[in-house]
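Right, one structure below, let's go through it.
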Amino acid sequence: MFSAADHEHMARALRLAERGLFTTSPNPRVGCVLVKDGAVVGEGWHERAGEAHAEVHALRAAGAAAAGATAYVTLEPCNHHGRTPPCVDALIAAGVARVVAAMADPNPLVAGQGLARLAAAGIATASGLLENEAHELNVGFVARMTRGRPWLRLKVAASLDGRTALENGESQWITGAEARRDGHRWRARACAVLTGVGTVRDDDPRLTVRDVDTTRQPLRVVVDSRLETPPTARILDGGKVLLIGAVADAARAAALSARGAEVLLLPDAAGKVDLAAALAELARRGINEVHAEAGFRLNGSLLREGLVDELLLYLAPSLIGDAARGLFALPALASLADKRTLQWRDVRRIGADLRIVARLG
């Protein structure tokens, strides 16, 4: 169905889409290549929400040469008005002859309607070329659109014996500088960075992206049932911060609000933060990917409630001992048959450390 040239041009469109990895939120990352008579006549990618989509950039670059061309786009062109006009209108007006999409758009406002509209206008259409690669690039957008919850990636740095902090809470630094810089790249691609009040108290982190060149900082989210985040905490310095609590405390809420934080109460029946409701609220706000960097208690809660999609684990070549804190606070198992299984996605060395990317099975 697809030729070698089709694969080559879609691969180029995917590389273009990756250029928006840190900037397109809450929109998907999309690239587009226009080809006519075997030659690329225009290309582009979506750079920021509210600005032109990939197809429009490519059409502008091609000009009159777009007529009769094939458009390779990593996501089905949109057929609705958002902050920009529908891309299908631009493609039809430009007179392209064929549109190849890597995958259908999971957004219910599109969901096949974009390709149908193009076909109705007499344009040849096809989809499914390098679909898996396109899906991976927008795994958070797909998750938000199909299940109403962001993709949650849980990042943990640990010693080889699976310890994340000393018994007294000290954890800086278990891994090396190269691993920490790599972790910032994962932060940068996320729409929100999530942590717990314990981490705020123990480490006083900023949780901003500092080692990556980006124009966008993720929303910082603190799970803090009793609103115990100190008003002097560095996480409150600059940028948007959302504190999600469970117990109303007007004085504490006022002090945190005075520091610029938004306070939201989402209690569960036990008086703790309803984590599932918190993620649903983040999805409602357009959050595609959540990058969690928390302590073993919150890590365990997220796992127990089935909210973790992916583990990002950095293992240092060191041993700390059993008295130190572990990766996850989880109940004891009665049988190995009850263990949680993982799917290895990537294992590589980063500096002196190992980085493991795994998904929950």
Side-chain angles (χ1 to χ4, degrees), residues 150 152-157 164-174 180 183-184 186-188 190-210 216-287 289-305 307-308 325 327-329:
L152 193 146
R153 183 177 296 112
L154 180 57
K155 179 257 184 180
V156 190
T164 61
L166 299 182
E167 192 174 11
N168 63 9
E170 180 184 348
S171 64
Q172 298 178 339
W173 299 102
I174 290 177
R180 296 197 296 275
H184 275 256
W186 291 89
R187 271 189 200 174
C191 308
V193 177
L194 178 102
T195 194
V197 65
T199 298
V200 172
R201 286 196 305 254
D202 290 342
D203 297 340
D204 195 20
R206 286 175 286 177
L207 292 184
T208 53
V209 177
R210 298 182 298 280
R216 179 189 64 87
Q217 287 289 340
L219 171 70
R220 289 168 291 170
V221 182
V222 181
V223 175
D224 182 2
S225 293
R226 293 184 292 275
L227 303 183
E228 295 174 320
T229 297
T232 57
R234 293 198 302 171
I235 200 169
L236 300 175
D237 294 337
K240 294 182 179 180
V241 178
L242 173 64
L243 282 100
I244 304 180
V247 179
D249 188 314
R252 289 179 177 177
L256 293 167
S257 297
R259 289 282 278 116
E262 178 186 356
V263 177
L264 176 66
L265 298 182
L266 291 174
D268 63 11
K272 302 289 186 180
V273 171
D274 187 328
L275 296 174
L279 290 177
E281 172 61 20
L282 292 179
R284 190 188 66 78
R285 297 181 181 214
I287 299 297
E289 293 184 23
V290 174
H291 177 91
E293 294 192 30
F296 73 111
R297 291 187 181 86
L298 181 53
N299 288 348
S301 296
L302 291 167
L303 274 172
R304 285 195 306 274
E305 296 191 28
L307 301 174
V308 177
R325 298 179 182 180
L327 292 163
F328 315 107

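Keep in mind it's a predicted model, so treat the numbers as computed, not measured.
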With a 4.5 Å limit on heavy-atom distance, are the side chains of Leu242 and Leu282 in contact? yes
In short, Val263 meets Ser257 closest at the heavy-atom pair CG2-OG, 4.0 Å
Counting distance only, does the side-chain N/O of Asp204 pair as donor-acceptor with the main-chain N or O of Arg234 below 3.5 Å? yes
State, yes or no, whether a side-chain contact exists between Leu207 and Val222 at a heavy-atom distance under 4.5 Å. no
Nearest heavy-atom contact between Val200 and Pro230 is CG1-CD, 4.2 Å
Roughly how far, to the nearest 0.5 Å, is NZ of Lys240 from CZ of Arg285? 9.5 Å
Residue pair Val193 / Pro218: nearest heavy atoms and the distance that separates them: CG2-CB, 4.0 Å
Under a 4.5 Å cut-off applied to non-hydrogen side-chain atoms, are Leu298 and Thr199 in contact? no
Determine whether more than 12 heavy atoms belonging to other residues, nucleotides or ligands lie under 6.0 Å from atom CZ of Arg297. no
Does the side chain of Arg216 come within less than 4.5 Å of Val209's, by heavy atoms? no
Spacing of Glu305 atom CD and Leu152 atom CG [to the nearest 0.5 Å]: 11.5 Å
Gap separating the CZ atom of Arg187 from the NE2 atom of His291, nearest 0.5 angstrom: 6.0 Å
Do Leu302 and Leu194 have side chains that approach each other closer than 4.5 Å (heavy atoms only, starting at C-beta)? yes
Would you mind telling me which of Leu236, Asp249, Val241 makes a side chain to side chain contact (heavy atoms under 4.5 Å, CB included) with Leu256? Leu236
Nearest 0.5 Å, what's the CZ-CD distance between Arg210 and Gln217? 8.5 Å
Restricting to non-hydrogen atoms, name the atom on Ala294 and the atom on Gly196 that form the minimum distance, rounded to 0.1 Å. CB-N, 4.1 Å
Heavy-atom side-chain contact between Asp237 and Arg259 under 4.5 Å: yes
Quick one: pull up CG in Asp203 and CH2 in Trp173 and give me the separation to the nearest 0.5 Å. 7.5 Å
Over all heavy atoms of both residues, which pair between Ala246 and Leu265 is shortest? Give the atoms and the distance, please. N-CD2, 3.9 Å
Assess whether a salt bridge exists between Asp202 and Arg325, defined as any Lys/Arg side-chain N lying under 4.0 Å from an Asp/Glu carboxylate O. yes
Step-by-step side-chain contact (heavy atoms from CB on, under 4.5 Å) determination, Arg153 to Trp186: CA-CA 9 Å; Arg153 183 177 296 112; Trp186 291 89; 3.3 Å; yes
Closest heavy-atom contact between Ala261 and Leu243? CB-CD1, 3.2 Å
Is there side-chain contact between Thr164 and Asn299, with heavy atoms separated by less than 4.5 Å? no
Please report the interatomic distance CG(Leu275) to CG(Asp268), rounded to the nearest 0.5 Å. 7.5 Å
Of all residues at least two apart in sequence or in a different chain, which pass the side chain to side chain donor-acceptor pair (under 3.5 Å) check with Arg226? Glu228
